[in-house]
Amino acid sequence: MTDRERRALLAWYRKHRRDLPWRRTRDPYAVLLAEVLLQQTQVERAIPFYRRILARFPTLAALGEAPLEALLELWQGAGYYRRAHQLHALARATGGVLPKTYAELRQLPGLGPYTAGAVASIAFGEAVPAVDGNARRVLARYYGLAAPGEAELRRLAEALVDAAAPGEWNQALIELGATRCTPKKPACAGCPLGEGCRGKRDPNRFPLPRRTRKKRLDLFALVLVGREGVVLVRREGKRFSGLYGVPMGEDLGVLLREYGLSGAAFAGEVRHGLTHLDMRVRVYWARVGADGLDASSKPLSVLDRKILKKFEEAFGETGALEADLGVASASKHADPDAKQP
DNA sequence: AAAGCGGGGGT
DNA sequence: ACCCCAGCTTT
């Protein structure tokens, strides 16, 4: 890439950059929060989470002093909940003060090559690259690389970083990928990198799509209706870790025995697609003697919200009592007429 | 190098 | 249905 092209891209960025909330601050904590939220999450989706979390926890120290569950409460629906665990651990490990170099940032939980580079360059002005999916695509196209490796991209990006404005440069590369050099139908006309781009004639070849295979997972969920709400368990392990949800498993018999039940009523089926998984959950419900919990007071995954909504629909159709089961806020209450098409 | 991890949007 | 998203961690 020529100096002239680099200057053109930087100038283009300064003129056309989107006005995003985290671009109005130089607070390293705010930059970090934004970058973590943006991991595999689209800008438009990250914005409301960014605002709410920053409003509730204005400083990293404040975040570290709060219980993890308070952060998870705000992280509900954002996905990749490990990010919340790691950010919370980071807040505690650093004592609320972020280190200022890429090498140190890279050691913190949840900060990989991209995020550490983004924070180091944007918040601290260190001349290190930050190659995300956008920058990867821009570089792959410009240099005509069908399947670039991480190391190769990093070498290229290191050589390009603008020493005087590393944060703006990294964001310029990203912004171009996000708004013009898009995966499909890139707007090559008027691209600041027009001349030397080798992918211009056939952008779809650079880079080649990454293959993903999806597995199907069949599960059973048990909505146990107690006196004051439904039985919720805290999910441990890898999936939805730290969030609450209804008992769920691959074997309905095992699930029923766990709660001493001989049977349960079928409420319906819920589908939940993840990147690597197609979940199909058959929802059953039963009354139990336990108290249960108010589902609106706990962080739940979107899957569990869907399950509770499905239960409500089935429960409503039985014409049973309208006692407050504590799941009311688990889904939007449709207006009564909505049921009759 | 590959798999696993959420959820939603675009085509 | 498939691909992608301002990726990271573990195997």
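Below, chain A is the first sequence line, B the second, and so on; all start at residue 1.
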Walk me through whether A:Thr101 and A:Glu126 qualify under side chain to side chain contact (heavy atoms under 4.5 Å, CB included). CA-CA 7 Å; A:Thr101 67; A:Glu126 185 175 345; 3.9 Å; yes
Salt bridge or not for A:Arg280 and A:Asp218, using N-O below 4.0 Å? yes
Under the salt bridge (Lys or Arg N to Asp or Glu O under 4.0 Å) test, residues paired with A:Arg235 that sit two or more places apart: A:Asp304
Of A:Lys215 and A:Tyr81, whose nearest nucleotide on DNA chain B comes first from the 5' end? A:Lys215
Touch class at under 4.0 angstrom, heavy-atom based, for A:Thr115 against every strand present: sugar-phosphate
Are A:Tyr284 and A:Val270 connected in the hydrophobic side-chain network, where two residues link if heavy atoms are under 4.5 Å apart? no
In whole Å, I'd like the distance from the CD1 atom of A:Ile174 to the C1' atom of C:dA6. 5 Å
Any idea which of B:dG6, C:dA6, C:dC8 is nearest the A:Gln39 side chain? C:dC8
May I ask you to verify if any side-chain N or O of A:His276 is less than 4.0 angstrom from the OP1 or OP2 atom of B:dC5? yes
A:Arg52 to A:Phe49, cation-pi by 6.0 Å centre distance and 45° axis angle: yes
Between A:Val230 and A:Leu256, is there shared hydrophobic-cluster membership here, with clusters defined by ILVMFWY side-chain heavy atoms closer than 4.5 Å? no
Determine the interatomic distance between P on C:dA6 and the same-named atom on B:dT11; round to the nearest Å. 14 Å
Donor-acceptor pair under 3.5 Å, A:Thr41 side chain vs B:dG6 base: yes
Residues of residues 66-76 of chain A with a heavy atom under 4.0 Å from any atom of DNA chain B, listed by number, are none
For A:Arg83 and A:Thr115, which I'm curious about, is there any donor-acceptor pair between the side chains at under 3.5 Å? no
Any N/O pairs under 3.5 Å between the protein and nucleotides 9-11 of chain C? List them or say none.
residue: C:dT9; atom: OP1; partner: A:Gly110; partner atom: N; Å: 2.6

Classify the ring geometry between A:Trp22 and A:Tyr50 as parallel (under 30°), tilted (30 to 60°) or perpendicular (over 60°). perpendicular
So what does A:Ser241 hit on the nucleic acid, given a heavy-atom distance under 4.0 Å: a base, only sugar-phosphate, or nothing? nothing
Does A:Val283 belong to the same Ile/Leu/Val/Met/Phe/Trp/Tyr cluster as A:Leu293, with side-chain heavy atoms less than 4.5 Å apart forming each link? yes
For the pair made of CG in A:Asn204 and P in C:dC3, what is the distance, rounded to whole Å? 13 Å
Separation of atom CG in A:Asn134 from atom C1' in C:dA6, rounded to whole Å: 6 Å
Using a 3.5 Å distance criterion without hydrogens, assess whether the side chain of A:Arg137 forms a donor-acceptor pair with backbone atoms of A:Gly177. yes
Identify, residue by residue, the members of residues 152-164 of chain A with a heavy atom below 4.0 Å from DNA chain B, and return them in order of residue number, or none. none
If you measure from CD on A:Gln171 to CZ on A:Arg23, what distance do you get to the nearest 0.5 Å? 4.5 Å
Worked verdict on A:Glu69 versus A:Tyr244 for side chain to side chain contact (heavy atoms under 4.5 Å, CB included): CA-CA 10 Å; A:Glu69 197 164 316; A:Tyr244 290 77; 3.3 Å; yes
Take the protein atom CD of A:Glu175 and the nucleotide atom P of C:dC5, then report the distance between them rounded to whole Å. 14 Å
Are any of the side-chain heavy atoms of A:Ile122 and A:Glu35 separated by less than 4.5 Å? yes
Picking from C:dA6, C:dG7, B:dC5, the nucleotide nearest the side-chain atoms of A:Arg18 would be C:dA6
Would you say A:Phe311 and A:Leu232 are hydrophobically clustered, going by side-chain heavy atoms of ILVMFWY under 4.5 Å? yes
Grab the OH-P distance between A:Tyr80 and C:dC8 for me, whole Å please. 12 Å
Tell me what A:Leu20 touches on the nucleic acid: a base, only sugar-phosphate, or nothing, going by heavy atoms under 4.0 Å. base
Report which part of the nucleic acid A:Ala130 touches: base, sugar-phosphate, or nothing (heavy-atom distance under 4.0 Å, all strands). nothing
On DNA chain C, does the nearest nucleotide to A:Arg137 precede the nearest nucleotide to A:Ala116 from the 5' side, or the other way round? Give the residue. A:Arg137
Measure the acute angle between the ring planes of A:Phe240 and A:His272, then classify it against the limits of 30° and 60° as parallel, tilted or perpendicular. tilted
Taking CZ from A:Phe240 and P from B:dC5, how many angstroms apart are they, rounded to a whole number? 9 Å
Classify A:Arg136 by what it touches in the nucleic acid, base, sugar-phosphate, or nothing, heavy-atom distance under 4.0 Å. nothing
Begin from the C-alpha positions of A:Glu5 and A:Tyr142 and carry the test side-chain hydrogen bond (donor to acceptor under 3.5 Å, both in side chains) through to its verdict. CA-CA 11 Å; A:Glu5 285 175 318; A:Tyr142 184 86; 2.4 Å; yes
Return the value, rounded to whole Å, for the distance between atom CZ of A:Arg271 and atom P of B:dG6. 20 Å
Flag yes if A:Leu193 and A:Phe206 sit in one hydrophobic cluster, no otherwise; membership is Ile, Leu, Val, Met, Phe, Trp, Tyr, and two members link when side-chain heavy atoms are under 4.5 Å apart. no
Counting a pair only when it is Watson-Crick or G-U and both distances are under 3.5 Å, which runs of at least 3 such pairs involve DNA chain B? B:1-5 with C:7-11, B:7-11 with C:1-5
With no hydrogens and no angle check, is any side-chain donor or acceptor of A:Arg6 less than 3.5 Å from a backbone partner on A:Leu160? yes
Enumerate the protein-to-nucleotides 8-11 of chain B contacts in which both atoms are nitrogen or oxygen and the separation is below 3.5 Å.
residue: B:dG8; atom: N2; partner: A:Gln42; partner atom: NE2; Å: 3.2

Between C1' of C:dC4 and CZ of A:Arg141, the distance in whole Å: 12 Å
Please state the C1' separation for the pair B:dG6 and C:dC3 - nearest whole angstrom. 16 Å
